[in-house]
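First up is the structure itself, then whatever we jot down about it.
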Number of protein chains: 2
Amino acid sequence: MEDDTLDAAFSALADPARRAIIARLSRSSATVNELAEPFAITKQAVSKHIQVLEQAGLITRTRDGQRRPCHLDPAALEALTGWIDTYRLEAERQYRRLDGVLSTLKDQHSKERS
Amino acid sequence: MEDDTLDAAFSALADPARRAIIARLSRSSATVNELAEPFAITKQAVSKHIQVLEQAGLITRTRDGQRRPCHLDPAALEALTGWIDTYRLEAERQYRRLDGVLSTLKDQHSKERS
DNA sequence: TCGTTGATCAACCATTTGGTTGATTACATC
DNA sequence: GATGTAATCAACCAAATGGTTGATCAACGA
């Protein structure tokens, strides 16, 4: 994944309104007006949030007459967890390796004393 | 997870320098100077990035004399993938459900024509 | 064709952010 | 104690961000 893609995706998720939109869209597609309803901000502001999410590739939009419903893209979310997991798993692997070294040292110490 | 925590964590990841720091720390702990070395920015800027990561709970810091090494926290990363997966899995579930409905309709259509 | 509704565009404002330089703190070593 | 080094603090700057209001575009329904 390119830097720009990850920049856009993570900063898109770094806002509670946009995360709420993600949560809502995970249940079903929805239009801007439907998404705006639960928020205390203007429809224009929601429209901006949606553009950010779309630009980040997290959602897609279709045409349905006058409406332009938004759909969550699970594959984009999976790409993000994939990135995070790469480093989480590596870190966990390193910690286990360190634990192994420490217990080896401890064993050697016990052996020396016995 | 609270909104503020997620805000801090995701916006911490929304910067290529900070992601590079995460990647570096997944292999082993490192000090500010070590982390700053591969970058074309000042040590102070790196120090700021590290504070952002620490504030977000993604890394921890310890004292080793004059040095203050940074350590990646895998559990914090796991919390993020957990959040994302909640909605990714729900979206995938909904898409499968929709596919089921569509194929049922298609079957009924075939039956009617036969 | 005309009014209504979904949605975006445009301009503007306050705040945040990523970077800089220069000064300062804290620890280690001579 | 004096010097050097790891790291942060402080003040500042340019650019990006999240929000507003007002105007505009595009499609539907009478």
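Given the structure is predicted, the values throughout are model-derived calculations rather than measurements. Just so we're on the same page: letters track the sequence lines, and every chain starts at 1.
Checking B:Q55 against B:Q51 by side-chain atom types alone, no donor-acceptor pair falls below 3.5 Å. Checked by atom type, the side-chain pair B:T60/B:H71 shows no donor-acceptor distance below 3.5 Å.
One can place CG of B:L35 at 15 Å from C1' of D:dT8, the figure rounded to the nearest angstrom. One atom, CZ of B:R67, and another, C1' of D:dA7, lie 12 Å apart when rounded to the nearest Å.
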Working note: A:I21 + A:I59, criterion side chain to side chain contact (heavy atoms under 4.5 Å, CB included); need CA distance, chi angles, decisive distance, verdict. CA-CA 10 Å; A:I21 290 174; A:I59 69 174; 5.7 Å; no
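Note on ring orientation: taking the six-membered ring where Trp is involved, the planes of A:F10 and B:F10 are parallel (angle under 30°, cut-offs 30° and 60°).
Here the closest heavy-atom approach between residue A:T81 and residue A:E78 is recorded as OG1-O, 2.9 Å.
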Collect all protein-nucleotide pairs involving nucleotides 26-28 of chain C in which both atoms are nitrogen or oxygen and the distance is under 3.5 Å.
{"residue": "C:dC27", "atom": "O2", "partner": "B:Q66", "partner atom": "NE2", "Å": "3.3"}

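The phosphate of C:dT5 has neither OP1 nor OP2 within less than 4.0 Å of any side-chain N or O from A:N33.
No continuous path of ILVMFWY side-chain contacts below 4.5 Å connects B:L13 to A:V52, so the two sit in separate hydrophobic clusters. Residues B:M1 and A:L77 are members of one and the same hydrophobic cluster, defined by side-chain heavy-atom contacts under 4.5 angstrom among Ile, Leu, Val, Met, Phe, Trp and Tyr.
Applying the salt bridge (charged side-chain N to carboxylate O under 4.0 Å, His left out) test to every pair with at least one member in residues 5-26 of chain B, sequence neighbours left out, gives these pairs: A:D3-B:R19, A:D7-B:R19, A:R19-B:D7.
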Protein proximity profile, nucleotides 8-19 of chain C - base contact B, sugar-phosphate-only contact S, no contact -, cut-off 4.0 Å on heavy atoms: BB-B------SB
